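One structure below.
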Protein chains: 2
Amino acid sequence: MSNSRTSSDKYAYDTAFLEDFATLSAFGATPGGGVERQAATAADGEQRAWLHQWLTDRGFEVRYDGVGNQFGLFTVTPGAPYVLSGSHLDSQPLGGRYDGAYGVLASAHAAHRAVQRWNASDGTPRHNVAVVNWFNEEGSRFKPSMMGSAVFTGKLPAETALTTTDPTGTTVEAALREIGTIGDYAGPEVAAYAEIHIEQGRDLENAGTTIGLVGSTWAARKYQVVVRGEQSHTGSTIMADRRDALFGASLLVVAVRELAEQSTDTPLHTSVSEMTVLPNSPVVVAREVRMHVDLRSPDEALLDAAAKRLAESIPGIEERASVTIEQVQTHGWAVAPFPAAGVELAAQAADDLGLSHRTVMTIAGHDSVNMKDVAPAIMLFVPSVEGVSHNEGEFTQDVETCAGTDLLAEVLHRLMSGALDSSR
Amino acid sequence: MSNSRTSSDKYAYDTAFLEDFATLSAFGATPGGGVERQAATAADGEQRAWLHQWLTDRGFEVRYDGVGNQFGLFTVTPGAPYVLSGSHLDSQPLGGRYDGAYGVLASAHAAHRAVQRWNASDGTPRHNVAVVNWFNEEGSRFKPSMMGSAVFTGKLPAETALTTTDPTGTTVEAALREIGTIGDYAGPEVAAYAEIHIEQGRDLENAGTTIGLVGSTWAARKYQVVVRGEQSHTGSTIMADRRDALFGASLLVVAVRELAEQSTDTPLHTSVSEMTVLPNSPVVVAREVRMHVDLRSPDEALLDAAAKRLAESIPGIEERASVTIEQVQTHGWAVAPFPAAGVELAAQAADDLGLSHRTVMTIAGHDSVNMKDVAPAIMLFVPSVEGVSHNEGEFTQDVETCAGTDLLAEVLHRLMSGALDSSR
């Protein structure tokens, strides 16, 4: 892939950052080169403790709110609001090293550098700065995803989050107490929010661009589906008597995929990736299958039409498999803009650093998608090699992770001066 | 349903048997009226202890072999071989009360009654009698099914069975030691084998017949299938880049069902009822799905053709879902007869007791399918209401369970006299 910067550039390699990223990548490291540190597991607790120490060593005060969001506060002016920057350290099972963790570490380094730069200058920032590691962005162990930022932004009641259970019945609250990162901090007053993340797509790589400036989100719809049949003997039950929930679920998986196959002009991403089969015995026809359906598109009308086609396909599946299907939308988000002033600020900062950039949409959900609704928010991407994500092979080149951190430091410095205050 | 016997018949209700069956049905009882006592769980251990005591109280000596098969021996003539009768007490998850357990309890009562009848007569039986509770017939916790009888008949090495693990990694050996029913008994010399079971189909009920005399088995083929794709982000990965193992698996489930739908003249039963999805996260495209495929038919040529059509469908599925599919036949059995002399013996006994009967095939596998290869074997069925099985609603009327036990007592008495010795 091409890149506008090379290792001879002055910003190219930040050794301290890369060493810290290597250290961070060792928590929950997997033999395949990825990480497995789902929310509030032991590995998540270890990396949180490490970040806690890192921040404390550099003068940040670390505090936890009631759902395990971890804040590192650097207070220059007591009583002033904070420019908040972060992402999430939790990962998918057999996930990659970059997804989330890169953004948290970049935020810590960038905030530290911004503070040092203000300290070395004659000026005083209008805002303080804080780093955040949001709890459970991934949603693999506890659903829904983006849980910590959803509670912080008032979209999800804290009580609902705390009583959510993982597949073994452990609650979020019990898991957070186990790793000791739950507190009573209400969270900082936020003047502006910034986040940097790997793209998890191919657009930047294909275009040979270093920085993506997220202008808006794709829309997304997520559904919980329950297919109900009846247990019977796989051998002896005559086919006409079967009410096979797994057959019904399989027909639905195929129907979901066909929605995307039928959408040739505008992208539509459709997925079923989680399925629970009951009783899941080799000789018992399944009585129930639970699954999640995920539909995403940059075009809301297309998404509406796809959701309608999916709903229309259900009666035929129910009849063919002699099952009943219940489909409930659990969450979703619209095509929504990030503020233009933030995109402009980041574009100017990138230009000043000599970093190539382009405006992109985000398909994946991020904590910034929640935060943009309560504060001026800037979302930045760096390229993902071959678009690989949620995979141990996830990779972004060092020169690009360092460039992104440089840009984030510049953005935070400008935000601390109040550059987006008129957007509030 | 109609029945040739009513509650006014002299054999109709055996109160002691029905009370014992109610007691047995309480082990692992579920709120829905079924039982959950998978192999070598605590509930399985409790029912085994109860049966041990029941047999001991009536003069049987209880011994365990190296894979947990539980034998109750009644020795009239030391050194003589045994007529063995039994089935299995283990159940599916949320299984029925009758599947297996009825046959074990009927064997215990029938053997006890046969012994009492010999004791009350002037004659001496040629053979002793023994009751057996085979380990892990169901195969839901530990695979394959019919494990205990497979080891006893030399079809499966004991070491393979003992090192088999359940989904949590517990071995058969560890689980058996936990419930304390493992020993070093080599097992009895078997002169003949008898088993009674619920039909798990509708033929007897539809015909209004009390007793099914199993003349032969359907053929069966069982496959382990692994579908391999690649983990990626369900939101951001473009559809063309996806290697979705769950989509590939779903296409295969539909293809398996279509084999049965295409077979209109001769029955073909096809099933996928167990599926393991990795990593099974709502936002990660599945990298791997493991599943079992089960094909059964009374016509081996049809089964061959279906297996061939299934194999031919795989390349298209691999291409459409960008996955690879590995299919391995794990076990199976041919259409195989039970000895005609045994069917004739049982038919004569049923006639003498005034019980209606007809010759049927068994679709489900039973321990008798293994035993018929090493000893003259008789397999009897009683009706299943609406053919319901592997379901909490499994039901057979009391008058019919009692009739079956009466017939089994008569059959065991005749087998103890050496009635099938010329078939050995």
Side-chain angles (χ1 to χ4, degrees), chain A residues 92-95 138-140 143 145 199-202 218 220 222 230-239 241 244 246-247 249-251 253-254 257 260-261 267 269-277 279-287 292 294 296 362-365 387-392, chain B residues 92-95 138-140 143 145 199-202 218 220 222 230-239 241 244 246-247 249-251 253-254 257 260-261 267 269-277 279-287 292 294 296 362-365 387-392:
Chain A
Q92 291 289 334
L94 293 186
E138 294 291 1
S140 52
K143 293 170 190 61
S145 57
E199 183 191 13
Q200 306 176 286
R202 289 170 174 270
W218 275 32
K222 300 193 174 196
E230 189 173 34
Q231 271 194 213
S232 58
H233 193 294
T234 51
S236 58
T237 310
I238 64 174
M239 299 308 291
D241 278 350
D244 185 341
L246 185 53
F247 175 49
S250 298
L251 290 170
V253 169
V254 174
R257 177 68 167 225
E261 290 173 350
H269 290 183
T270 68
S271 321
V272 179
S273 61
E274 189 186 50
M275 196 180 260
T276 304
V277 182
N280 215 31
S281 168
V283 289
V284 183
V285 172
R287 69 174 180 275
H292 289 262
D294 184 321
R296 307 194 196 200
T362 179
I363 310 177
V388 170
S389 188
H390 285 186
N391 182 300
E392 292 172 297
Chain B
Q92 291 288 334
L94 294 186
E138 293 292 1
S140 52
K143 294 170 189 58
S145 56
E199 184 191 13
Q200 305 176 289
R202 289 171 174 269
W218 275 31
K222 300 192 176 200
E230 189 174 33
Q231 270 194 215
S232 59
H233 193 295
T234 50
S236 57
T237 310
I238 63 173
M239 300 307 292
D241 278 352
D244 185 340
L246 185 52
F247 175 49
S250 297
L251 290 169
V253 170
V254 174
R257 178 68 167 227
E261 291 172 348
H269 290 185
T270 68
S271 322
V272 179
S273 61
E274 188 186 51
M275 194 180 261
T276 303
V277 181
N280 214 32
S281 167
V283 289
V284 183
V285 172
R287 71 175 179 274
H292 288 264
D294 184 321
R296 306 194 197 200
T362 179
I363 310 178
V388 170
S389 188
H390 286 187
N391 182 301
E392 292 173 297

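The model shown is predicted, which means the values in this text are computed figures rather than measured ones. The analysis underlying the following values was restricted to heavy atoms, covering all of them including side chains, and did not include hydrogens, waters or symmetry mates. Residue numbering restarts at 1 for every chain, and letters A, B, ... go by the order of the sequence lines.
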Checklist entry - Considering residues at least two apart in sequence or located in another chain, which fulfil the side-chain hydrogen bond (donor to acceptor under 3.5 Å, both in side chains) criterion with B:Ser271? => result A:Arg242

Checklist outcome for this item: Bottom line for B:Gln200: the part with an atom under 4.5 Å from chain A's heavy atoms is both

Checklist entry - Which bit of B:Ala260 is near chain A, if near means a heavy-atom gap under 4.5 Å: side chain, backbone, both or neither? => result side chain

Item to check | Residues in side-chain hydrogen bond (donor to acceptor under 3.5 Å, both in side chains) contact with B:Glu199, at least two apart in sequence or another chain | outcome: none

Item to check | B:Gln231 side-chain N/O to B:Arg287 backbone N/O, donor-acceptor pair under 3.5 Å | outcome: no

Item to check | When B:Ile238, B:Thr276, B:Val277, B:Thr362 are compared by non-hydrogen pairs under 4.5 Å with chain A, the top option | outcome: B:Ile238

Checklist outcome for this item: From the list B:Ser250, B:Gly139, B:Ser232, B:Ser273, the residue making the most non-hydrogen contacts under 4.5 Å with chain A is B:Ser273

Next on the checklist: With chain B as the partner, which of A:Arg257, A:Arg296, A:Glu261 has the greatest number of non-hydrogen pairs under 4.5 Å?
Outcome noted: A:Arg257

Next on the checklist: With a 4.5 angstrom heavy-atom cut-off, is it the side chain or the backbone of B:Val284 that approaches chain A, or both, or neither?
Outcome noted: both

Next on the checklist: Quick test of your reading of the model: are B:Lys143 and B:Glu274 salt-bridged, counting only N-O distances below 4.0 Å?
Outcome noted: yes

Next on the checklist: Report which part of B:Pro282 has an atom under 4.5 Å of a heavy atom belonging to chain A: side chain, backbone, both, or neither.
Outcome noted: both

Item to check | Under 3.5 Å side-chain donor-acceptor pair for A:Gln92 and B:His233 | outcome: no

Checklist entry - In terms of heavy-atom proximity below 4.5 Å to chain A, should B:Thr270 be classed as side chain, backbone, both, or neither? => result both

Item to check | Minimum heavy-atom distance between B:Val254 and A:Phe247, given as atom pair plus value | outcome: CA-CE1, 4.2 Å

Checklist entry - How many angstroms lie between CG in A:Asn391 and OG1 in B:Thr237, if you round to the nearest 0.5 Å? => result 9.0 Å

Item to check | Contact winner vs chain A - B:Val388, B:Asp244, B:Thr234, heavy-atom pairs under 4.5 Å | outcome: B:Thr234

Checklist entry - Which heavy atom in A:His269 sits nearest to a heavy atom in B:Ser236, and how many Å separate them? => result CE1-O, 3.6 Å

Next on the checklist: Looking at chain A, which one of B:Pro279, B:Ser145, B:Gly235 has the largest number of heavy-atom pairs inside 4.5 Å, strictly under?
Outcome noted: B:Gly235

Checklist entry - Which bit of B:His292 comes within less than 4.5 Å of chain A, counting heavy atoms only: side chain, backbone, both or neither? => result side chain

Next on the checklist: With chain A as the partner, which of B:Val283, B:Val285, B:Asp294 has the greatest number of non-hydrogen pairs under 4.5 Å?
Outcome noted: B:Val283

Checklist entry - Out of B:Leu251, B:Leu94, B:Val272, which one racks up the most heavy-atom pairs below 4.5 Å with chain A? => result B:Leu94

Checklist entry - Non-hydrogen atoms of chain A under 4.5 Å away: do they reach the side chain of B:Glu392, the backbone, both or neither? => result neither

